**Q** 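Before we start, here is the structure in question, set down as structure tokens.
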Amino acid sequence: MTTQLTSAPPTAEATRKARRRPEDSHAARGTRPGFLWALPATLFFTLFAIAPLIMVAVLSFMSWNGLGSPEFVGTDNWKRILDDPVMIRSIWLTLLLTALGVVLQTPLSIVLGVWAAGHQRNRAVLSAVYFIPLLLSATAVSVLWRALLDPNFGIPARMTWLFGDGNLFGEQSTAIGVLAFVSTWQYTPFHTLIYQGAARAIPPVLYQAAEIDGAGRFRQFFHITLPQLRNSIVTSMILMIVGGLTTFETVLILTQGGPGTDTTISAYYMYQKAFKSFDFGAGAAIALCLVVAATIVSLIVVRVSGYDKMRSDMEGVS
């Protein structure tokens, strides 16, 4: 004799819950946090970024020496800096140093980052040693290289056969070369770290398929690695451009804008106007020009690279 067990039919309440689960789970996955979650960050950004920027914009139309009350002068500050030959030259010098930074740091960072992402022997130790400049401040790095490149007691004084009279800060070309070299030495490890993380995120199956097709290391690098690093390259370049446009400590300690005004970049000229000449209105106008220039250049890079049209969360896939 066989006994057949039958389950009780589901109630109407259970049926409604079962039907509601997929919708609820979908809503839970698609719902974003409310505005209250972003409120602390929004207040912080407004207080320490937006508000000071507005104050600088207002000050650029004022005449103020740091004492008393600012006096409204309209566009006089803007006319003066646009007619100032030192200001025009500082813009070109800033763009030149920024371009040198991008040209020198980008290929070096990519190669080192891809290498550091591998499994070579002693890779971890060598990477840790190479990342030491990243732990130092720009001031410490500038003081270090100022001592090492001192024309009287530094390396150039001991190697006159290579450096001539040893005064690398006496001519514009060599002084700009020193600034570009020091910036590259300090900031390349940071961008290397970006490319190292991005290279490790590349699916190994791509390289395995390339090996099956007979592609060597160079073809894999140019046809797989570089395309997959596209997003990281754009991000790194934007950081380089913004950092190059706002470089200050390196010039202040290494060259102080010299010889003459041959290395006076815009950020250092802003410092001279505001804190040496006590012309805070002109200094604010120069600072606002730097903000606008950095924003425009970054938007151009994003637009030209197609970064704004990428929708995939996979590296290099649009």
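Residue numbers count from 1 along this sequence. This one's a predicted model, so the numbers in the text were calculated from it and none came from an experiment.
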**Q** Report all side-chain donor-acceptor pairs from residues 63-73 shorter than 3.5 Å, counting only partners two or more places apart or in another chain.
**A**
from	atom 1	to	atom 2	distance (Å)
W64	NE1	L67	O	3.3
W64	NE1	G68	O	3.1
N65	OD1	L67	N	3.0

**Q** For P133, enumerate each residue passing the side-chain contact (heavy atoms from CB on, under 4.5 Å) test, keeping only those at least two apart in sequence or located in another chain.
**A** W185, P189

**Q** Do Q228 and L206 come within less than 4.5 Å of each other through their side chains, counting heavy atoms only?
**A** yes

**Q** For I238, does its backbone N or O pair with a side-chain atom of S298 as donor and acceptor, under 3.5 Å?
**A** no

**Q** Can you give me the closest heavy-atom contact between S232 and A198, atom names plus distance?
**A** OG-CB, 3.1 Å

**Q** Just so I know, are the side chains of D262 and P259 near enough to count as touching, which here means a heavy-atom distance under 4.5 Å?
**A** yes

**Q** Verify whether the ring centers belonging to F275 and F280 lie closer than 6.0 Å.
**A** yes

**Q** Could you pull out the closest heavy-atom pair between L112 and T188, with the gap in Å?
**A** CD1-CG2, 4.3 Å

**Q** Please round to the nearest 0.5 Å and tell me the distance separating atom CG of L162 and atom CD1 of I155.
**A** 10.5 Å

**Q** Are the side chains of L229 and V114 in touch, meaning some heavy atoms are under 4.5 Å apart?
**A** yes

**Q** Answer yes or no: is there a side-chain heavy-atom contact under 4.5 Å between Q186 and W145?
**A** no

**Q** In sequence, state the C-alpha distance, the side-chain angles, and the governing distance for Q256 and Y268, and then conclude on side chain to side chain contact (heavy atoms under 4.5 Å, CB included).
**A** CA-CA 8 Å; Q256 296 184 352; Y268 183 75; 3.7 Å; yes

**Q** Hey, could you give me each pair passing side chain to side chain donor-acceptor pair (under 3.5 Å) that has a residue in residues 80-89? Not counting sequence neighbours.
**A** N77-R80, R80-D279, D84-Y269, R89-T261

**Q** Is a donor on one side and an acceptor on the other found under 3.5 Å between the side chain of S60 and the backbone of A285?
**A** no

**Q** Kindly indicate whether the side chain of Q208, heavy atoms from C-beta on, has any atom under 4.5 Å from the side chain of P204.
**A** yes

**Q** With sequence neighbours left out, what residues match S90 under side-chain hydrogen bond (donor to acceptor under 3.5 Å, both in side chains)?
**A** S266

**Q** Does M159 CE have over 12 foreign heavy atoms under 6.0 Å away?
**A** yes

**Q** Using 0.5 Å steps for rounding, measure from the OG1 atom of T255 to the CD1 atom of I176.
**A** 9.0 Å

**Q** Take V178 and F169, measure what side chain to side chain contact (heavy atoms under 4.5 Å, CB included) needs, and give me the verdict at the end.
**A** CA-CA 8 Å; V178 169; F169 305 102; 3.8 Å; yes

**Q** With T225, which residues qualify under side-chain hydrogen bond (donor to acceptor under 3.5 Å, both in side chains), at least two apart?
**A** Y207

**Q** With a cutoff of under 4.5 Å between side-chain heavy atoms, which Ile, Leu, Val, Met, Phe, Trp and Tyr residues group with L47?
**A** F44, F48

**Q** If you look only at pairs with a residue in residues 231-252, which of them pass as a ring pair (Phe, Tyr, Trp, His ring centres under 6.0 Å), with sequence neighbours excluded?
**A** F248-Y271

**Q** Sort and list the pairs that fulfil ring pair (Phe, Tyr, Trp, His ring centres under 6.0 Å) and have at least one residue in residues 218-237, not counting sequence neighbours.
**A** none

**Q** Which side chain to side chain donor-acceptor pair (under 3.5 Å) pairs, counting each pair once, include a residue from residues 236-251, with sequence neighbours left out?
**A** H191-S236, Y195-S236

**Q** Can you check whether M87 reaches L82 side chain to side chain, under 4.5 Å on heavy atoms?
**A** no

**Q** What are the two closest non-hydrogen atoms of Q220 and A210, and how far apart are they?
**A** CG-CB, 3.9 Å

**Q** Specify the closest pair of heavy atoms between T94 and T98, including all atoms of both residues, with the distance to one decimal.
**A** O-OG1, 2.7 Å

**Q** Of all the heavy-atom pairs spanning L97 and A180, show the shortest one and how long it is.
**A** CD2-N, 4.3 Å

**Q** Would you give the length of the straight line joining atom OG1 of T263 to atom CG of L96, rounded to the nearest 0.5 angstrom?
**A** 11.5 Å

**Q** Can you measure from CG (L254) to CZ (R146) and round to the nearest 0.5 angstrom?
**A** 7.0 Å

**Q** Please list all pairs passing the salt bridge (Lys or Arg N to Asp or Glu O under 4.0 Å) test where one or both residues lie in residues 200-225, with sequence neighbours left out.
**A** none

**Q** Taking only residues two or more places apart in sequence, or in another chain, which ones meet F278 in a ring-ring contact (aromatic ring centres under 6.0 Å, His included)?
**A** none

**Q** For V56 versus A287, what's the shortest heavy-atom pair and its separation?
**A** CG1-CB, 4.3 Å

**Q** Rounded to the nearest 0.5 Å, what separation is found between the OG1 atom of T174 and the CG atom of N167?
**A** 7.0 Å

**Q** With sequence neighbours excluded, give me every side chain to side chain donor-acceptor pair (under 3.5 Å) pair touching residues 149-165.
**A** none

**Q** So do the side chains of L95 and L245 get within less than 4.5 Å of each other, counting heavy atoms only?
**A** yes

**Q** Do I233 and L104 belong together in a cluster built from hydrophobic side chains that touch within less than 4.5 Å?
**A** no

**Q** Can you hop from L108 to V141 via hydrophobic side chains spaced under 4.5 Å?
**A** no

**Q** Considering only heavy atoms from C-beta outward, does the side chain of Y187 approach that of M240 to under 4.5 Å?
**A** no

**Q** Can you tell me how far OG1 of T295 sits from CD1 of I300, rounded to the nearest 0.5 angstrom?
**A** 11.0 Å

**Q** Evaluate the ring planes of W78 and F61, with Trp represented by its six-membered ring, and classify them as parallel (under 30°), tilted (30 to 60°) or perpendicular (over 60°).
**A** tilted

**Q** If hydrophobic clusters are built from ILVMFWY residues whose side chains come within less than 4.5 Å, do L226 and V111 share one?
**A** no

**Q** Identify whether I81 and V58 are in the same connected component of the hydrophobic contact network (ILVMFWY, side-chain heavy atoms under 4.5 Å).
**A** yes

**Q** Do you reckon W92 sits in the same ILVMFWY cluster as I265, going by side-chain contacts under 4.5 Å, direct or chained?
**A** yes

